[in-house]
Each structure stands twice: as C-alpha cells, then as structure tokens.
Amino acid sequence: MNIILFGPQGCGKGTQADLIVKNYGLYHLSTGNELRSEIEKGTDIGKLAEGLINDGQLVPDDVVQNIILSRYHSQAAKGIIIDGYPRNAAQWGFLKSNFKIDAAIEITVPEQASIDRIANRRMCPQCKRNYNIVTIKPKVEGICDVDGTALIQRDDDKPAEIIKRLKIYKEQTEPLKAEYSNLNILHIVDGTKSIENVYKDIDKILANIR
Ligand SMILES: [Zn+2]
C-alpha cells in the first residue's frame, strides 16, 4: 500500500512515519531526506541540489520526481509512505499518475502548537543530531550528548520562518484535501493527542486497507 502522510510543520509526521515503517514494513520516502542523502553521497543529483539549495532556490520538480520513481522501484518494501510530497497541485498530478495511493492521512495541529513545537527544536551543528528542549532533551542542557558541541536553533525553526512555511502549507498543500476527499482516500487524525494515541488512530486506518 502507498500512503501520503501530511500535515503542517511540527505535527509529528516523522515520528509517526517511523512507527508505521516498524509495524507495516513500508519504505519511508521523505523527499527532504532523500535529497540530503544524495548531497552527502556527492552524486550528480546531490551536487546539483546542493548548489540550488545554497543559492536559496528550489530543486526542480523533475529532479525530485526522478528520485521518487527510482527509490520506489529499488525498494522491495510492501509500499511507501511518502512524506513532504506532494506540496502542491502539480506534484499531486505527478504522484497520482504514477502511483495508486491508498490513503492520504493528515495529522492536524493548531497553528500555535505547530509554532511552539518547532521553536523547541535544537540541532547539533557538528553531528546534525536533533533534540527538543521539551521532548528529546540532551543530558546536559544545550550540549550534544555525542560530541559535546553547543546546540543551535536552525534559522528555519525560528518563528518568522515557521509562520511563512505554515502560510505556504495553507495556500498550496491544504487545498489538495478536496482532491483526496473526492477519491475517498482522505483521513484526518488529531495530532494534539499523545504519540501512542495518534499512532492508534493511524493504525486503525491502515488496518482497514491491508
Ligand atoms: Zn553532536
């Protein structure tokens, strides 16, 4: 089965995707992670993407589409959870013409909760490990457990940037819900519940598809 997992920044998608992978054996296809891994491996796509990202530009749609297709075909998994995609109508057009999507699950959280959750994120600039000053605290406040480097807040995680991204989500990604609804694949899960309870709700939806 192929699933779209979406929701505003800070809704807990990554955590839920990990739980789904563990229990259903799907491949977690996050376009952001795939691009980062291409950059780390220094592939041609990675070099192209890195240059564009450093210039503050978006990676072209066809590059991302090729990554999605090649990952899909190289995975012997029982299907994919696609996260961070589609963000707009054009991307949805590509996805629906190449894949049978069984469910589009939105994890909703109120805007303020989203802002607060992201504002709590910290990152180690050395090893890139992620922390959260409320939920994933380092052993010593402000210091990476692994290498002792002082943790930082990414510029992306500062409130003004979060508000900008939430606005784009509302304008471009949320309208896709009407399309999912027409296909009877839309499911909405309350992301303000505990991690376990959000997962229970998702599990109920997936159990009906399997
Ligand atoms: Zn570190």
Side-chain angles (χ1 to χ4, degrees), residues 1-35 58-111 113-114 117 162 164-210:
M1 72 179 144
N2 300 321
I3 298 160
I4 296 169
L5 192 61
F6 69 112
Q9 303 276 329
C11 71
K13 280 194 303 275
T15 307
Q16 295 299 329
D18 290 344
L19 292 168
I20 299 169
V21 167
K22 214 168 91 190
N23 293 304
Y24 286 85
L26 303 181
Y27 179 70
H28 180 196
L29 207 169
S30 151
T31 52
N33 291 347
E34 300 294 355
L35 281 172
L58 291 174
V59 178
D61 268 345
D62 61 329
V63 173
V64 178
Q65 289 171 3
N66 283 332
I67 292 179
I68 293 173
L69 291 174
S70 75
R71 287 299 185 284
Y72 183 76
H73 293 300
S74 66
Q75 290 305 319
K78 295 172 198 154
I80 49 170
I81 310 170
I82 184 156
D83 149 18
Y85 197 96
R87 288 185 200 273
N88 57 45
Q91 294 181 352
W92 166 239
F94 162 77
L95 208 61
K96 75 176 169 190
S97 60
N98 285 280
F99 299 92
K100 179 184 177 288
I101 303 295
D102 300 290
I105 302 173
E106 183 186 38
I107 305 177
T108 59
V109 285
E111 189 166 312
S114 191
R117 286 180 182 189
I162 302 166
K164 224 188 270 173
R165 293 207 304 269
L166 288 173
K167 188 167 173 275
I168 296 173
Y169 180 81
K170 255 194 197 138
E171 288 172 356
Q172 301 190 9
T173 310
E174 268 192 352
L176 300 178
K177 283 161 72 173
E179 308 244 2
Y180 303 152
S181 180
N182 285 339
L183 295 171
N184 285 318
I185 57 170
L186 177 66
H187 301 269
I188 295 172
V189 169
D190 176 1
T192 61
K193 296 183 186 176
S194 67
I195 291 172
E196 292 79 20
N197 285 328
V198 172
Y199 183 70
K200 270 184 199 162
D201 290 345
I202 292 176
D203 189 46
K204 270 183 221 155
I205 297 164
L206 299 183
N208 277 325
I209 296 168
R210 194 150 59 158

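Note that the coordinates shown come from a computational prediction; the quantities given were computed from them, not determined experimentally. Just the heavy atoms: all of them, side chains too, but no hydrogens, waters or symmetry mates, feed the values below.
Looking at residues two or more places apart in sequence or on another chain, you find no salt bridge (Lys or Arg N to Asp or Glu O under 4.0 Å) involving E196. Partners of R71 under the salt bridge (Lys or Arg N to Asp or Glu O under 4.0 Å) rule, at least two apart in sequence or in another chain, are E34, E38. Scanning for side chain to side chain donor-acceptor pair (under 3.5 Å) contacts around N98 gives an empty result, with sequence neighbours left out. Here S97 pairs with nothing under the side-chain contact (heavy atoms from CB on, under 4.5 Å) rule; sequence neighbours left out. Partners of D83 by salt bridge (Lys or Arg N to Asp or Glu O under 4.0 Å), not counting sequence neighbours: none found. By the side-chain contact (heavy atoms from CB on, under 4.5 Å) test, T108 is found to be paired with E106, I188, residues two or more places apart in sequence or in another chain being considered. Applying the side-chain contact (heavy atoms from CB on, under 4.5 Å) criterion to E111, with sequence neighbours excluded, gives I115, L166, K170. With sequence neighbours excluded, the residues satisfying side-chain contact (heavy atoms from CB on, under 4.5 Å) with P60 are L52, D62, V63. Residues satisfying the salt bridge (Lys or Arg N to Asp or Glu O under 4.0 Å) test with K22, not counting sequence neighbours, are none.
The distance from the NE2 atom of H28 to the CD1 atom of I3 is 11.0 Å, given to the nearest 0.5 Å. Atom CG of N182 is separated from atom NZ of K177 by 13.5 Å, given to the nearest 0.5 angstrom. Between the OG atom of S30 and the CG atom of L5 there is a distance of 10.5 Å, given to the nearest 0.5 Å.
Scanning both residues, V109 and S114, for their nearest heavy atoms gives CG2-CB, 4.0 Å. The heavy-atom pair separating L29 from I68 by the smallest distance is CD1-O, 4.0 Å. Of all heavy-atom pairs spanning T173 and P86, the tightest one is CG2-O, 4.0 Å. Of all the heavy atoms in V198 and D190, the pair that sits closest is CG2-O, 3.5 Å.
Relative orientation of the Y169 and F6 rings is tilted, given thresholds of 30° and 60° on the angle between their planes.
Taking 4.5 Å as the limit, every side-chain heavy atom of I81 sits out of range of all side-chain heavy atoms of Y27. A 4.5 Å side-chain heavy-atom check between F99 and I82 finds every atom pair outside the cut-off.
Each ring-ring contact (aromatic ring centres under 6.0 Å, His included) pair with one or both residues in residues 185-208, not counting sequence neighbours, would appear here, but there are none. Judged as a side chain to side chain donor-acceptor pair (under 3.5 Å), the pairs with a partner in residues 2-13 (not counting sequence neighbours) are, in order, Q9-R165. Applying the side chain to side chain donor-acceptor pair (under 3.5 Å) rule to pairs touching residues 86-96 yields D61-Q91, W92-E179, sequence neighbours excluded.
Checked against I105 for a side-chain contact (heavy atoms from CB on, under 4.5 Å), the options L186, I4, L206 give a single hit: L206.
Other residues, nucleotides and ligands place more than 12 heavy atoms under 6.0 Å from the CG atom of L69. Residue-environment remark: NZ (K164) stays at or below the threshold of 12 foreign heavy atoms within 6.0 Å.
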Task: side chain to side chain contact (heavy atoms under 4.5 Å, CB included) assessment of D203 paired with K200 - done: CA-CA 5 Å; D203 189 46; K200 270 184 199 162; 5.5 Å; no
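Of the N and O atoms on the side chains of D18 and T15, not one donor lies less than 3.5 Å from an acceptor on the other residue.
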